[in-house]
Every structure is written in structure tokens, then in C-alpha cells.
Peer 1: 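One structure follows; several queries about it will come next.
Throughout, residue positions are numbered sequentially from 1 according to the sequence presented.
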Amino acid sequence: MSLEIEKKFLLKPFNIKNFLKKNGIKYRVYNIAQYYIDEQKRVRKYGNRYFLTIKSGEGLVRKEYEKEIDKDKFEELLKNSKEIFSLFKKRYKVEIDNYTYEIDKFKKDLKGLVYLEIEFKSEQEAKDFNIDSRFKDFILKEVTEDKRFSNFFISKTKVVPSLLECKDIVNIDEIMPLCSTKDASIAILHSLFRSTKIYKDKIINGDKDIENLHQFRVSLRKARAFLKEFKIYFDESWYQNIYPKIKDLMTPTNKKRDIDVLLSNFDEYMLNLPPSMQESIQEFKNLLLKLQKEEENKVIELLKKDKFNEIKNSLNNIEFKEIANFPIIITSYRAIEKRKDKIFKMAKNITKDSPAHEYHRLRIEFKKMRYLLEFFSHMFSFKETKEFIKNSKKIQNILGRHQDLEVQRNDIKEFIKNDNLTLDAVLSIGKLIGDMEFEEIYQRKKFKKVYKKLSYRLKSSIVF
């Protein structure tokens, strides 16, 4: 039995393959399936080879016995063991300055967990060691002496401890990578609720700025998106109680928002009409202004009711599942990766002839991606995530404009059923609808161009 002298670092989740390629670091990669028969004895499949390993001790220096076994012996040991804990990971093995760096990227229940392990010939060598500077930005904490980060403990509990007490954080940008998902969720939801209340009060108090309703809806939308994205970390009954309440508060404001957007664009639309039509379409604008006032009164009455206080009470008593103790750096990475993969799949299948609702679905995915990046970008590479946010917002605006045109055209078709409109007004509106259709085509072409740039950046990213 020999001595194993090894340091272990907990790393931020990142795209290891892209990072190594970008830095010109050669690597070998192996898939590892590891099974613990007890705390000291394990068998594992390492690539296409099989090993039996016995380790004892804790921390920097441990005793280790290891021998290669065949597949039959491997399967026999597993079959004859009563209780087995398993973990699965991909290992990237690199040589730097005569040291072997082993970067383990875990899978399945532990997805998002990344370790870096480095072995040494002596304790003194380990104490004198300085890690390669290219890895320093990814280190969250050295966990060599923390038993909770041993492979056996992780395989048994399927829990990654958060390591940081964050119950007093108030603002989203105060969230640190090693805060628990629970504490981070409380900070995010309460921050969004405070923002919602500011704009709610402005609306009720008679502030006519249409931006108030927009920002009110944005805060609610972000809360809904976050809740849905992190649903698995909340108590099911609590989630099922609050999510519909937020939706019920937001849905009745849709019509007011659509009229606001149409009116904000109306003067621009009128400029594209011949002078002879601009005067006749004014009566249609007057109709919209009347509808806008009616919807404004409905929104004010809605916001005066108790639904808002019901949401507030629910947020003061958030209930979580045990897995909400995972560090937010891991759970947020999982959510962003999932959203990125979904965007790639949807965008790949969309064409210039796809129906409008497919563009709208893709817009929603980009919106959710941008929200996640806005919540958590400061924990990853800020320069890179800032660029993603910028481009995601650009695409979201393009697709948002496309969706607004589609909604407005359909709304206008309903509005012109009003018997009080003159024939000249109806003809002018028909011209307006035609102009909108041409602009939709332009927005689709614009999307393809901007998306191509963003997708390249995402595929080559060292973060995601």
C-alpha cells in the first residue's frame, strides 16, 4: 500500500474542453463510473479498464492500494455488495510543469460539480505548490481537508455543501457562488417583489408613464421565469400556490400593454402612410386612446385588490426541498446550460417560413436565458457573460418587435370590425397592416444574422 498525497480544489462549472483548447493545453479525456462498496473500498470503470482501489485516511495524505481487475471480477464485486454508492464523471487529464492536473466534471445528480485534483511526491512539495495561473479564476475553494467533498461522501449523499452563509443578503448582485440556492432564491424573489411594488404604487398613484406598467410586468415575468427554472428546488405545494397567483396578477394587464406598445409606434406607422390616409386613420387612433383609458382603469382596480398581498405573504414563507442547499453556482449553471441547449435546438429548426408562434417561443427562450445571465453573470466570467447578455437582448428585441407586429396586426383586424369607423379609415388601416407584414419579414432576416454571431460565441465559450 502506497501513500497518496493529493490536493483537491472545488472549481466553478465551466466548459473545460473549450478552455483547454483556447489555452493550447493538450489533454486526454476518460469516462469514469465509480462504485463504493464501503467508505474505503471502491471499484471503477476508467475508460475501458477496471480497477479495485482501497483508500484509508483523510485530507492531504492517504494510504492507497490499487490494482487492475478484469470485467468479470468488476461485475462480481458489484453483484456481491449489499449497498453501493455510485458517481459518474468525465476526467480531463493534462500535464503542466511536470504535474498532472485531473479535472473531473460530474454527471447526473451531481451535474455542475467540478473538481481539480493534483498529486505530489511529498507533503512539502504539496505545501510549496502554486497552481497554474490560468486556473486561478475558476477556483472556488480548496477542499482537500473537507471530508464532505470526498468522493465517497458525495456519492452517498448526492449533496454538495454550499459553504457560505448568505441569509442576510438583500440584492441580487450580492449573491456569491458558494451561497446556497435557498438563500440566493430568497434574495432574488424579494428583490423582484420590491421592484414590482415600486411600479405598482406609481400606477395606483396616477403616474401616467407607460413604462411603469412595462417594468411592473418585467419584474413579475422575471419572478415567474425564475420560479419555473428553479421549480425542482421549491416545495411542490408552495410552488403550486404562488405560481398561479403571479400569473393571475399579470395576465389581465396584457391588453393594456399591447395597446400601449401599438400607440407608442403609431406616429411612426402614420409616417409610412400617404398624406391622404394620415388624417383618416386619426379616428382609429382615437379609438385606441379610448380603449387604453378603459384598460388603465381595469389595471388600477386589479392592483388595489388583495392578490398582491397574497404573493407578498407567500414570499415571506418560502419552502424548499433539501437539494436547495446546493451552491447557487452549480444550480444556476445547470439552468443556463439547459436553456442554451434548448435555444440551439429550436433555432436550428426555425426558417424564414416558420409560423409566427415558433419565433415567439424562441423569443421566450432567449428572454429566460437573458434573465438567468442577468441574475448570475457576476459569478462567472463577467466580460464574457456581459457580451452574451448584450447579444441576447439584441435578439430578444428583434423577436419582440416581430411578435409585437404579429399581435398588433391581429388586434387591428379585430378593431376594424367596429362599425363606427369610416371606409377611408378602414382602407388606411389595411395599408398599415400590409406595411407591418413587410417589416415582419425584415425582422426575421435580421434575427438570422444576429443569431449566427451569438451561436458562434456560445459554442466557443469557456464559460458555457
Side-chain angles (χ1 to χ4, degrees), residues 9-19 22 103-106 110-116 131 133-143 146 149 159-192 195 222-223 225-230 232-234 320 323-341 343 366-393 454 457-458 460-464:
F9 300 90
L10 176 65
L11 303 185
K12 294 178 182 179
F14 68 110
N15 192 313
I16 301 168
K17 187 176 179 180
N18 285 349
F19 167 77
K22 185 174 182 179
I103 311 164
D104 288 344
K105 187 173 185 177
F106 288 74
L110 295 171
K111 184 177 180 181
L113 175 62
V114 181
Y115 285 157
L116 168 61
I131 197 165
S133 60
R134 290 169 292 187
F135 287 86
K136 286 185 177 179
D137 287 342
F138 296 98
I139 295 175
L140 290 170
K141 190 176 181 66
E142 183 180 345
V143 292
D146 193 330
F149 287 91
V159 171
V160 182
S162 59
L163 294 176
L164 193 61
E165 181 64 54
C166 302
K167 290 183 178 178
D168 295 329
I169 58 175
V170 176
N171 299 313
I172 293 173
D173 59 5
E174 294 175 350
I175 297 171
M176 302 298 289
L178 292 176
C179 292
S180 70
T181 300
K182 175 180 177 179
D183 290 341
S185 298
I186 292 171
I188 288 169
L189 290 172
H190 277 270
S191 180
L192 292 173
S195 176
K222 285 183 176 181
F226 179 81
L227 285 167
K228 197 166 186 178
E229 218 56 61
F230 284 74
I232 63 170
Y233 304 103
F234 295 102
F320 295 91
I323 54 173
N325 290 315
F326 264 63
I328 189 62
I329 189 76
I330 290 178
T331 55
S332 63
Y333 189 84
R334 289 176 179 177
I336 293 169
E337 278 278 279
K338 180 181 176 182
R339 190 60 46 206
K340 182 193 76 173
D341 291 344
I343 284 174
F366 269 105
K367 192 180 292 184
K368 290 177 180 177
M369 177 72 157
R370 182 168 69 86
Y371 292 162
L372 287 170
L373 292 173
E374 286 176 351
F375 292 149
F376 305 116
S377 66
H378 63 283
M379 299 191 304
F380 298 97
S381 170
F382 182 74
K383 182 179 179 181
E384 187 169 312
T385 51
K386 189 177 181 180
E387 188 67 25
F388 291 160
I389 291 170
K390 178 183 174 182
N391 284 286
S392 294
K393 190 170 184 178
L454 177 64
R457 287 183 177 275
L458 278 172
S460 60
S461 165
I462 63 171
V463 179
F464 307 117

Peer 1: Is any side-chain heavy atom of I103 closer than 4.5 Å to a side-chain heavy atom of F135?
Peer 2: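 When only atoms from C-beta onward are counted, F135 and I103 do touch, with a gap below 4.5 Å.
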Peer 1: For the residue pair I172 and F376, establish whether any side-chain heavy-atom pair is separated by less than 4.5 Å.
Peer 2: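 Side chain of I172 against side chain of F376, heavy atoms only: no contact under 4.5 Å found.
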Peer 1: Holding to ring pair (Phe, Tyr, Trp, His ring centres under 6.0 Å), I want the full list of residues that pass it with F375, two or more places apart in sequence or in another chain.
Peer 2: F226
Peer 1: Mind checking the CD-CG spacing from E374 to D173? Nearest 0.5 Å is all I need.
Peer 2: 12.5 Å
Peer 1: List for me each residue that meets side-chain contact (heavy atoms from CB on, under 4.5 Å) alongside K17, sequence neighbours excluded, and say none if there are none.
Peer 2: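 Once residues adjacent in sequence are excluded, the partners of K17 under the side-chain contact (heavy atoms from CB on, under 4.5 Å) criterion are N15, K21, Y27, Y92.
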Peer 1: For Y233, which residues count as a ring pair (Phe, Tyr, Trp, His ring centres under 6.0 Å) partner, sequence neighbours excluded?
Peer 2: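 By the ring pair (Phe, Tyr, Trp, His ring centres under 6.0 Å) rule, Y233 matches F230.
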Peer 1: Tell me, yes or no, whether the heavy-atom count around K182 atom NZ, taken from other residues, nucleotides or ligands under 6.0 Å, exceeds 12.
Peer 2: no
Peer 1: Check side-chain contact (heavy atoms from CB on, under 4.5 Å) between H378 and all other residues, then give those that pass, not counting sequence neighbours.
Peer 2: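 I175.
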Peer 1: Provide the full list of side chain to side chain donor-acceptor pair (under 3.5 Å) pairs with a residue in residues 327-337, sequence neighbours left out, each pair given once.
Peer 2: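 Matches after skipping sequence neighbours: T181-T331, E337-K340.
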Peer 1: Return the set of residues passing side chain to side chain donor-acceptor pair (under 3.5 Å) with D137 (not counting sequence neighbours), or none when no residue passes.
Peer 2: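 With sequence neighbours excluded, D137 shows a side chain to side chain donor-acceptor pair (under 3.5 Å) to no residue whatsoever.
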Peer 1: For S461, is there any backbone N or O sitting under 3.5 Å from a side-chain donor or acceptor partner on N18?
Peer 2: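 It does hold such a pair.
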Peer 1: For R134, check side chain to side chain donor-acceptor pair (under 3.5 Å) against everything at least two apart and list the hits.
Peer 2: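 Counting only residues at least two positions away or on another chain, R134 forms a side chain to side chain donor-acceptor pair (under 3.5 Å) with D132.
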Peer 1: For L373 and F380: C-alpha separation, side-chain torsions, deciding distance, then whether side chain to side chain contact (heavy atoms under 4.5 Å, CB included) applies.
Peer 2: CA-CA 9 Å; L373 292 173; F380 298 97; over 6 Å; no
Peer 1: Can you name the nearest heavy-atom pair linking I330 to P13, along with the distance?
Peer 2: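 Shortest heavy-atom contact: CA-CG, 4.3 Å.
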Peer 1: On a heavy-atom basis, which atom in E229 and which in K368 lie closest, and how many Å separate them?
Peer 2: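 It is OE1-CD, 4.0 Å.
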Peer 1: Locate the shortest heavy-atom distance separating F149 from Y115; write the atom from each residue and the value.
Peer 2: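 It is O-OH, 2.9 Å.
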Peer 1: Taking the side chain as every heavy atom from C-beta outward, state whether N325 and F320 have any pair of such atoms under 4.5 Å apart.
Peer 2: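 Result no, sub-4.5 Å side-chain heavy-atom pair not found.
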Peer 1: Which heavy atom of R370 sits nearest a heavy atom of I389, and at what distance?
Peer 2: CD-O, 4.0 Å
Peer 1: Only pairs under 3.5 Å count here: list side-chain donor-acceptor contacts from residues 160-170, not counting sequence neighbours, and write none if there are none.
Peer 2:
none

Peer 1: Report the distance from atom CG of L116 to atom CG of L140, rounding to the nearest 0.5 Å.
Peer 2: 11.5 Å
Peer 1: Locate the shortest heavy-atom distance separating L372 from I336; write the atom from each residue and the value.
Peer 2: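 Between these two residues, the closest heavy atoms are CB-CG1, 3.9 Å.
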Peer 1: Could you work out, with salt bridge (charged side-chain N to carboxylate O under 4.0 Å, His left out) as the rule, every residue matching E387, not counting sequence neighbours?
Peer 2: R457
Peer 1: Which residues pass the side chain to side chain donor-acceptor pair (under 3.5 Å) test with S191, sequence neighbours left out?
Peer 2: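 For S191, no residue satisfies side chain to side chain donor-acceptor pair (under 3.5 Å) once neighbours in sequence are set aside.
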Peer 1: Tell me, please, which residues at least two apart from I139 pass side-chain contact (heavy atoms from CB on, under 4.5 Å).
Peer 2: F9, L11, I131
Peer 1: The criterion is side chain to side chain donor-acceptor pair (under 3.5 Å); which residues satisfy it with S185, sequence neighbours excluded?
Peer 2: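 Result, side chain to side chain donor-acceptor pair (under 3.5 Å) vs S185: none returned.
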Peer 1: Are F14 and I462 packed together at the side-chain level, in the sense that at least one heavy-atom pair is separated by less than 4.5 angstrom?
Peer 2: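 No, too far: nothing below the 4.5 Å cut-off.
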